[in-house]
Amino acid sequence: TKFGKTSTGTIWLNKEMTSPYEFYQFWLNVGDDEVLNLLNYYTFLTPEEIAHLAQTIQTAPEKRLAQKRLAEEVTSFVHGQEALVRAQKITAAFFEDKLNKLSQVELQEVFSNLGITSITGAQDTVEMLLACQAASSKRAARELLENGAITINGQRLSTTNTLTDLNTRADNLLIVKRGKKNYYLLRLEEKV
């Protein structure tokens, strides 16, 4: 029913429960001490290929070649080559801080556990940060903006920005990034 000791962090074969991107990331983040056993259990690699990957763990552990190969093999086997390519594209977009280049479908795969917060164009950036829960108060939102800790669709915000100043995507999605690792997805709705 699950892989691991707890239900949090569980991966599922069903893409509705664990997206191919999350599935790929799970295998990519396996530790050096586990990866060789997992390559033996879950791939069809030859013993020679696995021995070569074992050497790379010793000579170039920072490259994580064994983990990348494990993630590629298992994701392709379970979800297919197209899903693997999409997962690799999404991973590269995160690494290069280019999430804005992803399609709406790819963004929804990345943020499947978040929901999309809808906001109207009349709100200012402080209200927007409160609406998506990126800030707990107006004061905290203003501090984040003053410190340059907020980007939307790759554009750094300040307290003087309004929602009309933002680089919007064709699908009206706003990717809010607070700090280095906190993301929120918003849809800018037209006023009715």
Side-chain angles (χ1 to χ4, degrees), residues 2-4 8-32 34-36 38-39 41-45 49-50 52-53 56-57 60-119 128 132-134 149-157 166-188:
K2 63 186 177 75
F3 187 90
T8 49
T10 301
I11 58 165
W12 302 87
L13 299 178
N14 182 334
K15 67 180 179 180
E16 302 302 321
M17 297 178 77
T18 301
S19 72
Y21 164 74
E22 292 169 316
F23 189 83
Y24 178 79
Q25 286 298 311
F26 174 85
W27 300 105
L28 196 60
N29 289 306
V30 164
D32 288 346
E34 297 177 283
V35 70
L36 296 177
L38 296 174
L39 283 165
Y41 292 143
Y42 296 117
T43 71
F44 295 104
L45 297 179
E49 290 172 304
I50 294 173
H52 173 72
L53 290 169
T56 67
I57 293 171
E62 71 283 358
K63 292 184 179 179
R64 301 183 60 79
L65 296 176
Q67 285 87 343
K68 287 178 185 175
R69 186 67 186 271
L70 175 66
E72 290 168 358
E73 293 290 322
V74 178
T75 304
S76 177
F77 182 76
V78 172
H79 294 293
Q81 188 64 28
E82 187 178 312
L84 169 62
V85 170
R86 192 172 58 250
Q88 289 172 322
K89 177 183 175 187
I90 294 169
T91 300
F94 260 108
F95 185 72
E96 297 165 6
D97 205 12
K98 295 183 178 179
L99 287 177
N100 196 35
K101 304 287 186 206
L102 298 176
S103 71
Q104 183 175 349
V105 171
E106 291 164 338
L107 282 174
Q108 287 174 324
E109 185 172 331
V110 171
F111 298 114
S112 60
N113 59 341
L114 289 180
I116 298 177
T117 303
S118 294
I119 58 172
M128 178 207 58
C132 71
Q133 300 178 347
I150 301 292
T151 61
I152 296 185
N153 293 347
Q155 174 185 351
R156 190 157 309 281
L157 292 187
L166 302 177
N167 298 329
T168 55
R169 296 164 43 105
D171 55 14
N172 286 335
L173 287 178
L174 302 174
I175 306 162
V176 178
K177 181 179 175 188
R178 184 189 79 208
K180 292 186 177 186
K181 295 185 179 182
N182 298 297
Y183 292 90
Y184 308 87
L185 194 57
L186 299 115
R187 176 171 284 117
L188 190 57

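These numbers were taken from a predicted model, which means no experiment stands behind them.
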Engineer: Under a 4.0 Å threshold between the charged nitrogen and the carboxylate oxygen, would Glu109 count as salt-bridged to Arg86?
Structural biologist: yes
Engineer: Suppose we screen for side chain to side chain donor-acceptor pair (under 3.5 Å). Which residues come up paired with Ser76, at least two apart in sequence or across chains?
Structural biologist: Gln81
Engineer: Can a donor-acceptor pair be found, under 3.5 Å and without considering hydrogens, that links the side chain of Arg64 to the backbone of Gly31?
Structural biologist: no
Engineer: Can you check whether His79 reaches Leu84 side chain to side chain, under 4.5 Å on heavy atoms?
Structural biologist: no
Engineer: To the nearest 0.5 Å, what is the distance between CG on Leu70 and CD on Glu34?
Structural biologist: 10.0 Å
Engineer: Could you tell me which residues satisfy side chain to side chain contact (heavy atoms under 4.5 Å, CB included) with Val78, sequence neighbours excluded, listed by chain and number?
Structural biologist: Leu13, Phe23, Val74
Engineer: Could you tell me if the side chain of Ile152 sits less than 4.5 Å from the side chain of Ile175, heavy atoms only?
Structural biologist: no
Engineer: Check whether any side-chain heavy atom of Leu174 lies under 4.5 Å from a side-chain heavy atom of Leu185, and answer yes or no.
Structural biologist: no
Engineer: Please check if the number of heavy atoms outside Glu49 that lie under 6.0 Å from its CD is greater than 12.
Structural biologist: yes
Engineer: For the residue pair Ala87 and Pro20, what are the closest heavy atoms and their distance?
Structural biologist: CB-O, 4.0 Å
Engineer: With the side chain counted from C-beta on, respond yes when Tyr183 and Val176 share a heavy-atom pair under 4.5 Å apart, and no when they do not.
Structural biologist: no
Engineer: Between Gln88 and Lys68, is any pair of side-chain heavy atoms under 4.5 Å apart?
Structural biologist: no
Engineer: Between Val30 and Leu38, is any pair of side-chain heavy atoms under 4.5 Å apart?
Structural biologist: yes
Engineer: Mind listing the closest non-hydrogen atom pair of Thr56 and Ala66 along with its distance?
Structural biologist: OG1-N, 4.3 Å
Engineer: By the salt bridge (Lys or Arg N to Asp or Glu O under 4.0 Å) test, which pairs, at least two apart or in different chains, include something from residues 172-185?
Structural biologist: Asp97-Lys177
Engineer: Can you find a pair of side-chain heavy atoms, one from Gln104 and one from Leu173, that are under 4.5 Å apart?
Structural biologist: yes
Engineer: Without hydrogens or angle criteria, can the side chains of Glu22 and Ser19 be said to hold a donor-acceptor pair below 3.5 Å?
Structural biologist: yes
Engineer: According to the salt bridge (Lys or Arg N to Asp or Glu O under 4.0 Å) rule, which pairs have a member within residues 72-85, sequence neighbours left out?
Structural biologist: Arg69-Glu73
Engineer: Excluding sequence neighbours, so at least two apart, what forms side chain to side chain donor-acceptor pair (under 3.5 Å) with Asp32?
Structural biologist: Gln67
Engineer: List for me each residue that meets side chain to side chain donor-acceptor pair (under 3.5 Å) alongside Thr18, sequence neighbours excluded, and say none if there are none.
Structural biologist: none
Engineer: Testing the basics here: between Ala71 and Trp27, what is the closest heavy-atom pair and its distance to 0.1 Å?
Structural biologist: CA-CB, 3.6 Å
Engineer: Do Thr117 and Arg187 come within less than 4.5 Å of each other through their side chains, counting heavy atoms only?
Structural biologist: no
Engineer: Where do Thr75 and Tyr24 come nearest, in terms of heavy atoms and distance?
Structural biologist: OG1-CA, 3.4 Å
Engineer: Supply the atom-to-atom distance Leu99 CG to Phe94 CZ, rounded to the nearest 0.5 angstrom.
Structural biologist: 4.5 Å
